[in-house]
Number of protein chains: 2
Amino acid sequence: MIKVALVDDNVDLREGLQIVLKEHSDEFECIGAFGDAETALKKIPELKPDVVLMDINLPGISGIECLKQLKPKLPNLDVIMLTVFADDDTVFDSLCAGACGYITKNASPEKILDAIREVRDGGAPMSGRIARMVVTSFKAPGDASAQLTDREKEVLDQLCKGKSYKMVADALNITHDTVRHHIKNIYKKLEVHSVSEAILKTMKKKII
Amino acid sequence: MIKVALVDDNVDLREGLQIVLKEHSDEFECIGAFGDAETALKKIPELKPDVVLMDINLPGISGIECLKQLKPKLPNLDVIMLTVFADDDTVFDSLCAGACGYITKNASPEKILDAIREVRDGGAPMSGRIARMVVTSFKAPGDASAQLTDREKEVLDQLCKGKSYKMVADALNITHDTVRHHIKNIYKKLEVHSVSEAILKTMKKKII
DNA sequence: ATTTCCGTCACATTAATATGTGAAGACCGC
DNA sequence: GCGGTCTTCACATATTAATGTGACGGAAAT
């Protein structure tokens, strides 16, 4: 039996979902439904549900902020965001806050039940387009890297491990001056003027 | 009609999948099956399939490397990794290389067909545990950050934008020496000894 | 009311980085 | 062969960062 709680300011949706869950009362038990984050934050820690379906656009505290505050109290809680919004920031903010799933509200009731089952089974239910967004966020742009020579990439790689010039020199068995020379060229190619900026650009563009 | 190509060194698996695809010849057409990356790299660019099912552990060039070389030639190609391995590095390397999906080989034929449909529909089919891995990779550990004071976080934030001490001082309207003081405390708390390391630790642990 | 922590600033020293110039050997392509 | 690029090293200098010590006011805590 999976204990489920709902957080959504739309009364119709709350009641609709509760009915759907009752129709599958052999699997699910809806132990709470709340219209705002404040109430949810008060009640959910006691109720200890297994899964929370969380809207994002709530009056007052947002669903993401609610999730952030909930997670430390209930680390094993699986939260699925259930919302109309699917823009980059909202999705990634949710995942960073600890959401385990992300379903858009146009999903059918059966899809939502599947998502609850899936998240309890250790999965991460997401609407197709959301999943693609998440996956493609890993893909490297991979443009500026072509400009760097192999040796320069090695040096940059070392810098990106937090090493100093001297340590890089030792690691690559070259002199301090040579390291400096490579770094100077790296700066020119990446259009930066410090190790920090070079590391940042590297991380952001996933050059290495 | 979805044009599919297979890359896997296991003959039985290749033939098995080809049979499954033929059983659904109204939807799918298997236009190629290759036992190694080298052959795949030669043939696939001409065949222009819609979807490639790619094994990772191939003789010679790996499936990930094959994917990397394939993507620039066929940017619209959807590649689904189909493999037994599911460790962190392999999964994330695949996604960074441009994979749109990741299925473990214990998946049923029907699941695999679903994955092909899903990926063509703009989704990102993943086995449950893989999806969870990907999603949780966004979650901030958020432990060490608590130690930092508000001001220290502001300073660190500035450093993470590539600014120098002087620029941070200007931005926060404090003196160079005060910036140094904060940074020294940040170093102590993060257990690092340079701006580079501090930035790296911040990025990795998503402290800010 | 006193301690503790935070944020602010100052002076001083050593280490590391940024920037410039020059040059030699290796390798590749034309 | 010759010109280009890559890698290597050297000398010089100005700027920045790292580390230490010390101090003052305010805010929160007890």
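Heavy atoms only: backbone and side chains are in, while hydrogens, waters and symmetry mates are out. Remember, predicted model here, so these are calculated numbers, not experimental data. Chain identifiers are assigned alphabetically (A, B, ...) following the order of the sequence lines, protein sequences preceding nucleic acid strands; residue numbering begins at 1 within each chain.
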Task: Rounded distance in Å - NZ (Lys189(B)) to P (dC5(C)) - done: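 After rounding, the gap between these two atoms is 11 Å.
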
TODO: Take atom CG of Asn185(B) and atom P of dC5(C), then tell me their distance rounded to the nearest Å.
DONE: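 Value for this atom pair: 12 Å.
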
Options [options], nucleotide nearest the side-chain atoms of [X]:
X	options	result
Val195(B)	dC6(D), dC9(D), dA17(D)	dA17(D)
Ser164(B)	dG7(C), dT17(C), dT16(D)	dT16(D)
His176(A)	dT17(C), dA17(D), dG7(C)	dT17(C)
His182(A)	dC6(C), dG7(C), dT8(D)	dT8(D)

Task: Asp177(A) versus Thr175(A), side-chain donor and acceptor atoms under 3.5 Å - done: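 No donor-acceptor contact under 3.5 Å links the two side chains.
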
TODO: Check every strand shown and say whether Lys166(A) touches a base, only sugar-phosphate, or nothing at a heavy-atom separation below 4.0 Å.
DONE: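 Sugar-phosphate contact only.
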
Open item on the list: Is the shortest side-chain heavy-atom distance between Leu58(B) and Asp36(B) below 4.5 Å?
Closed with: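 No, every pair of side-chain atoms sits at 4.5 Å or beyond.
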
Task: Test item: Ile186(B) and Val192(B) side chains (from C-beta on) under 4.5 Å apart, heavy atoms - done: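 Sidechains of Val192(B) and Ile186(B): no contact.
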
Open item on the list: For Lys111(A), is there an ion pair with Asp114(A) - N to carboxylate O distance below 4.0 angstrom?
Closed with: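 Lys111(A) and Asp114(A): not salt-bridged.
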
Open item on the list: Salt bridge check, Asp157(B) against Arg151(B): does any charged N sit closer than 4.0 Å to a carboxylate O?
Closed with: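 Not counted as a salt bridge, because no side-chain N and carboxylate O are separated by less than 4.0 Å.
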
Dump every N/O contact between nucleotides 23-30 of chain D and the protein below 3.5 Å, one line per pair.
none

Open item on the list: Counting only heavy atoms from other residues, nucleotides and ligands, does the tally under 6.0 Å from NZ of Lys105(B) exceed 12?
Closed with: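 Result for NZ/Lys105(B): enclosed.
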
Dump every N/O contact between nucleotides 10-14 of chain C and the protein below 3.5 Å, one line per pair.
| unit_1 | atom_1 | unit_2 | atom_2 | d |
| --- | --- | --- | --- | --- |
| dC11(C) | N4 | Asp177(B) | OD1 | 3.3 |
| dC11(C) | N4 | Arg180(B) | NH2 | 2.8 |
| dA12(C) | N6 | Arg180(B) | NH2 | 3.1 |

